[in-house]
Amino acid sequence: MTLTLPSSLAPFSQRVITLLQSVPYGRVATYGAIAAAAGSPRAARQVVRLLHACSDKYQLPWHRIVNRDGEIVLSDEASRWRQARLLEAEGVSVDARGRVDLPRFGWQPPG
DNA sequence: GCCATGGCTAGTA
DNA sequence: GCCATGGCTAGTA
C-alpha cells in the first residue's frame with residue numbers, strides 16, 4: 001500500500017509520514033523514536049505536529065503513537081478514550097492510567 | 001506561532 | 001512544573 005506522497009511535503013515530513021504508516025497493527029511507537037528514525041532525534045514535537053495536522057489526509061495510525069513512557073498523552077479526555085479503545089481493539093492493553101507496556105507492545109522503527 | 005515531547009530539577013512525603 | 005527543542009506554515013511587509 002505504497003502511497004506516493006506529494007513532493008510539496010518537505011523531505012523530513014515525508015520520512016516521518018512513511019515511518020508512521022509502517023507502524024504495525026497491534027504495536028505502538030514513540031514520538032521520539034519516529035523522529036530519531038527520520039533523522040532528527042530531537043524533533044519529537046514535529047512528529048506531534050504532523051500527526052495533528054495530517055492523520056486524516058494520509059490515514060496515519062495516530063492511535064499507535066505514545067510518549068516515551070508508553071503513555072497516551074492527548075489533551076482532551078474524549079480523544080484519550082478513543083485512542084485507548086482503538087489500541088485495545090488491536091489487542092494492545094491499556095492500563096487504568098492510560099499506559100501501554102512498551103517492552104511488550106513497543107515497535108522500533110528501522111534505521 | 002504551532003504542537004499529542006522530553007529531560008531536567010525542585011519540592012513534597 | 002519548567003523550558004529548550006525543531007521543522008514547518010500562516011500571515012505580514
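To find a chain, count down the sequence lines: A is the first, B the second, and so on, and within it residues start at 1. All values below come from the heavy atoms of this structure, side chains included, with hydrogens, waters and symmetry mates left out.
Taking atom CG of Leu51(A) as the reference point, atom C1' of dC3(B) lies 10 Å away to the nearest angstrom. For Asp56(A) and dA4(B), the CG to P distance is 15 Å, given to the nearest whole Å. One atom, CG of Asp69(A), and another, C1' of dG7(B), lie 11 Å apart when rounded to the nearest Å. Taking atom CD1 of residue Ile34(A) and atom C1' of nucleotide dC3(B), one finds them 17 Å apart after rounding to whole Å. In this structure, CD of Glu71(A) is placed 12 Å from C1' of dA4(B), rounded to the nearest angstrom. In this structure, the CD1 atom of Ile65(A) is 11 Å from the P atom of dG6(B), given to the nearest Å. Atom CD of Gln14(A) is separated from atom P of dC8(C) by 10 Å (rounded to the nearest Å). The separation between Leu9(A) atom CG and dC8(C) atom P is 8 Å, rounded to whole Å.
Checking dC8(C), dT5(C), dA4(B) against the side-chain heavy atoms of Arg42(A) singles out dT5(C) as nearest. Closest contact between the side chain of Arg49(A) and the listed nucleotides dG6(B), dA4(B), dG7(C) involves dG7(C).
Within 4.0 Å of Thr30(A), counting heavy atoms only, lies no atom of the nucleic acid at all. At the heavy-atom level, Tyr31(A) lies under 4.0 Å from base atoms of the strands shown.
When side chains are defined from C-beta on, Glu90(A) does not count as touching Phe105(A), because their heavy atoms never get closer than 4.5 Å. Counting heavy atoms from C-beta on, the side chains of Val66(A) and Gln83(A) come closer than 4.5 Å.
No donor-acceptor pair under 3.5 Å is formed between the side chain of Asp69(A) and the backbone N or O of Glu71(A).
In the displayed structure, Arg27(A) atom CZ is contacted under 6.0 Å by more than 12 heavy atoms of other residues, nucleotides or ligands.
At a cut-off of 3.5 angstrom, the base of dT5(B) holds at least one donor-acceptor pair with the side chain of Arg45(A).
Figure legend. dC3(C) is base-paired to dG6(B); pairs are counted as Watson-Crick or G-U wobble with both atom distances under 3.5 Å. When both distances must be under 3.5 Å, the Watson-Crick or G-U wobble mate of dG11(B) does not exist.
One distance of note links CG of Leu60(A) with CD1 of Ile65(A); it measures 8.5 Å at 0.5 Å rounding.
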